[in-house]
Each structure stands twice: as C-alpha cells, then as structure tokens.
Amino acid sequence: MEVITNWFKRYMSDPQVVGLALVLLVTTLIIVTMGRMLAPALAAMVVAYLLEGGVGLLERYKLPRSLAVTFVFLLFLFVVAFVVLGVLPELSHQLTQLVQQLPNIIGKGQDVVMQLPEKYPELVNQEQVATVINSLRAEIASFGQRVLSVSLASVVDLVTIMVYIVLMPVLVFFFLKDKQRIIDWLTSFLPRERALTHLVWRDVNVQIGNYVRGKIWEIVLIGVVSYITFFLMELDFAVLLGTLVGFSVVIPYIGAAIVTLPIAAIAYFQWGWSADFGYVMLAYGIIQAVDGNMLVPLLFSEVVDLHPIAIIIAVLVFGGLWGVWGVFFAIPLATVVQAVLKAWPRTAINQEAEATKEA
C-alpha cells in the first residue's frame, strides 16, 4: 500500500501528468461508452484525418484552404461512388457465386480427405477422418444458421449503411472545412498545464498519420495488384480474392496466413494439383514477399518500430475490445501507448539507467 501511495505522490502531484491522465481517461470513456452511437462521427474523423494530408499538400502549393478542401472532398466522393457502384456489385455477385459453389468445393475437399487413409495409412486412419468430416459438417451447419440470422437482420444493416452514406460525407466535409475551429473548441476544455499532453499528441499525430495513410495505400496497392494477377491467371473470384488479400494486410503476420486458405482452396477446386495451381500460389507468395520486404519499408519508414510481440498483443487486446476497428487501429493505439510511456516522467534511477544504456 505504501508503494502505491508513494507512486501517486511522485507522479500525480505533477499537473502535467494529471492533465495527460485526464485526457486519456475521458477519451477512453467516450469511446467505450458511446463508441457505437458515435460510430459515423468517429469514422468521418478518420476519413477527414486521411484527407487532411491531401489538403495540406495543396495548401503548400499556395492553394487557398477552401479550394483545397473542395477539390479533395470531390475526389473523395468520386472514389466512394466508384467503389459503391463499380466494385461492390461485382464483389456481391462473386460472393453469391462462391456460396452457391461451396457445397461442390466442400465435396471435393471431402473426397481428398477420404483418400488420406489409403495413401498414408501409417499417419491417418478411417476413424480420424470420420471425426474431422463430422466436425466440418457441424461447423458448416452452424455457419449456415449464422448466415440466415444475418440475412434476417439485413434490413437493419441496410438502414445503418444508408445512415453512414448520408451522414459521413457531410461530417467529413465539415471536419475538413472547420478543422481549426473544432481544434480550438476542444483545446478550450483542456487543462492549462498541458505541455506533456501536447508533447504526446505531437508524437502520436506524426506516427498515426504516417501509419494510417500508409496502411490505406498498402491495402489499395496489394488489393489491386492481387486482383490483376488473379484476373490474368484466370482464377475464379478474382475480385473477391483480391479484396481479401488487400484487407489481409490490416492484421500483420496473421492476415496473410488466413487468406492463403481460400486462395488455395479455390485454386485447387478449379485446377486440382496442377501447374496452374502452383503458379497461383507462387504468384501469391511473390506478392506477399514484395509487400513485406519492399512496400512496407517504403510506406512505413517513419513509423516507430514495434516489436512483433507488441503488435500481436495489440491486435489481440484492441481487437477484443473494439472488433474490426480495434484490429485496424491496433498499431496506432499501440503507438499511443508507446508515446505515453516515452513522455511519462521517469524516476532518477530510471533516467540514469537509460542514459548509461544510450552511452
């Protein structure tokens, strides 16, 4: 108990630390308690944050902010219209085709599994195969029930999507247009002693901005390149698979491994164990190698390095708290934690140890 009391006396007597702690606490409470209600506003803030890079670039070329905001916003609307009217219908069509062919794919996979005891009797027996098949059938039945429940709730989902489509562009425009007014209004509620908070925000702003913009470019480039590759190799469901590969980069290390399964399954169902199957898997491996060894270092050269263990833990923790959004922002949120720990006042012993280590 005395250790905790001494810790509070050492740190919480500093107004800078108290101010930073209050900002973090209030922000976390707002997201946890009202995150679902404020989802369109939070999503619009993320989009506006991304578009601010383009606005700032045009401003550096002496273009007035109002014109820069208008140009970037119109370009954003064009991209959204292209995705909604051009990509989503084809994506929905291919997803429907895949669902229709799923029984045939499962049947072919079942035939392969049934042949394993004959080819490798010392490794697999008939009882093990029967257990695996029964488990798969139970999972497929459960998946079918979940799909049915989702389809029954599609009306509510459609209404939610319509709200997003209408509200988000409006919010994005005003977040861009009145950026400085909004920032001034928010900072008026902050404690006067906020130098430490400003230091953390400056570091986080640079890191998150670089990461989010780089991640969007990575998703687009990897998705487009994968689609073109699969299309040229005449692989079925090229749009669907290209989209999956693009979004797989959101989850570091894990996403690429997960997406390998549907690509391999569809390629095997289409061609079997043939040269075409090998070419597709080789091409997919090359795309992942280029992404990991060339694209990621190029796009994220200014982002703070995080240990792979820290990244995986961040994905697990924030994904468990906030679902898909938590997974997408796992690394930025981990960067926030890292920035807070970096700026947090240290004891004299820790400072001396750190100085000795750097020397």
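Only this structure's heavy atoms are used, side chains among them; waters, hydrogens and symmetry mates stay out.
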Peer 1: Once side chain to side chain contact (heavy atoms under 4.5 Å, CB included) is applied, do any residues pair with Val170, and if so which ones, sequence neighbours excluded?
Peer 2: Phe174
Peer 1: When rounded to the nearest 0.5 angstrom, what distance separates CG in Asp178 from CH2 in Trp185?
Peer 2: 13.0 Å
Peer 1: So does Val245 get a backbone contact from the side chain of Ser248, meaning a donor-acceptor N/O pair under 3.5 Å?
Peer 2: yes
Peer 1: Give a yes or no on whether Val47 and Ile183 share a hydrophobic cluster (residues Ile, Leu, Val, Met, Phe, Trp, Tyr; joining criterion: side-chain heavy atoms under 4.5 Å apart).
Peer 2: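 No, separate clusters.
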Peer 1: Any donor and acceptor pair, going by atom type alone, linking the side chain of Ser274 with main-chain N or O of Trp271 inside 3.5 Å?
Peer 2: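 A pair under 3.5 Å: yes.
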Peer 1: For residues Met233 and Asp276, determine if any side-chain heavy atom of one lies less than 4.5 Å from a side-chain heavy atom of the other.
Peer 2: no
Peer 1: Is it the case that more than 12 heavy atoms not belonging to Tyr279 sit under 6.0 Å from its OH atom?
Peer 2: no
Peer 1: If you count every heavy atom of other residues, nucleotides or ligands that lies below 6.0 Å from Phe247 atom CZ, does the total exceed 12?
Peer 2: no
Peer 1: Cluster question for you: counting only ILVMFWY and a side-chain heavy-atom cut-off of under 4.5 Å, with indirect links fine, are Leu57 and Phe175 together?
Peer 2: no
Peer 1: Is Thr229 reaching over with its side chain to a backbone N or O of Val225, donor-acceptor style, under 3.5 angstrom?
Peer 2: yes
Peer 1: Might you work through the side-chain contact (heavy atoms from CB on, under 4.5 Å) test for Leu95 and Phe237, ending with a clear yes or no?
Peer 2: CA-CA 8 Å; Leu95 183 60; Phe237 315 110; over 6 Å; no
Peer 1: Run through Leu171, Thr70, Leu51 and flag the one making a side-chain contact (heavy atoms from CB on, under 4.5 Å) with Leu176.
Peer 2: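 It is Leu51; the other options fail the test.
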Peer 1: Where the side chain of Gln270 meets the backbone of Glu234, is there a donor-acceptor pair that is under 3.5 Å apart?
Peer 2: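 Yes: the side chain of Gln270 pairs with the backbone of Glu234.
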Peer 1: I would like to know whether Glu52 and Lys177 meet salt bridge (charged side-chain N to carboxylate O under 4.0 Å, His left out); could you show each step before the answer?
Peer 2: CA-CA 10 Å; Glu52 180 60 32; Lys177 176 179 174 294; over 6 Å; no
Peer 1: Quick check: closest heavy atoms across Gln94 and Ala238, and the distance to 0.1 Å?
Peer 2: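 Distance-wise, the nearest heavy atoms are OE1-N, 3.4 Å.
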Peer 1: Got a second to check how far Tyr227's OH is from Glu90's CD, nearest 0.5 Å?
Peer 2: 7.5 Å
Peer 1: Check the hydrophobic clustering (I, L, V, M, F, W, Y; side-chain heavy atoms under 4.5 Å; chains of links allowed) and say if Leu75 and Val224 are grouped together.
Peer 2: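 Cluster IDs for Leu75 and Val224 differ.
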Peer 1: Are the side chains of Leu77 and Pro169 in touch, meaning some heavy atoms are under 4.5 Å apart?
Peer 2: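 Counting from C-beta outward, Leu77 and Pro169 do come under 4.5 Å.
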Peer 1: List the steps, then state whether side-chain contact (heavy atoms from CB on, under 4.5 Å) holds for Leu98 with Asp236.
Peer 2: CA-CA 9 Å; Leu98 178 61; Asp236 293 339; over 6 Å; no
Peer 1: Give a yes or no answer on whether the side chain of Arg60 reaches the backbone of Val55 with a donor-acceptor pair at less than 3.5 Å.
Peer 2: no
Peer 1: Quick one: CD1 on Ile222 to CG on Leu244, what's the gap to the nearest 0.5 Å?
Peer 2: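 Between atom CD1 of Ile222 and atom CG of Leu244 there are 14.0 Å.
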Peer 1: For Val249 and Lys215, work out which heavy atoms get closest and say how close.
Peer 2: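 Taking Val249 first and Lys215 second, the nearest heavy atoms are O-NZ, 2.9 Å.
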Peer 1: Of the options Val280, Leu235, Leu240, which is the one that meets Ile266 in a side-chain contact (heavy atoms from CB on, under 4.5 Å)?
Peer 2: Leu235
Peer 1: Kindly assign one of parallel, tilted or perpendicular to the pair Trp273 and Phe277, based on the angle between their ring planes and the thresholds 30° and 60°.
Peer 2: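 Ring orientation of Trp273 relative to Phe277: perpendicular.
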Peer 1: In the single-linkage hydrophobic clustering (I, L, V, M, F, W, Y; side-chain heavy atoms under 4.5 Å), do Val80 and Leu85 co-cluster?
Peer 2: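 Same hydrophobic cluster.
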Peer 1: Within this structure, what is the CZ-OH distance for the pair Phe230 and Tyr284, rounded to the nearest 0.5 Å?
Peer 2: 7.5 Å
Peer 1: Mind checking whether Met281 and Thr260 have side chains closer than 4.5 Å, heavy atoms only?
Peer 2: yes
Peer 1: How long is the gap from NZ on Lys62 to CG on Leu67, to the nearest 0.5 Å?
Peer 2: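 The NZ atom of Lys62 sits 15.0 Å away from the CG atom of Leu67.
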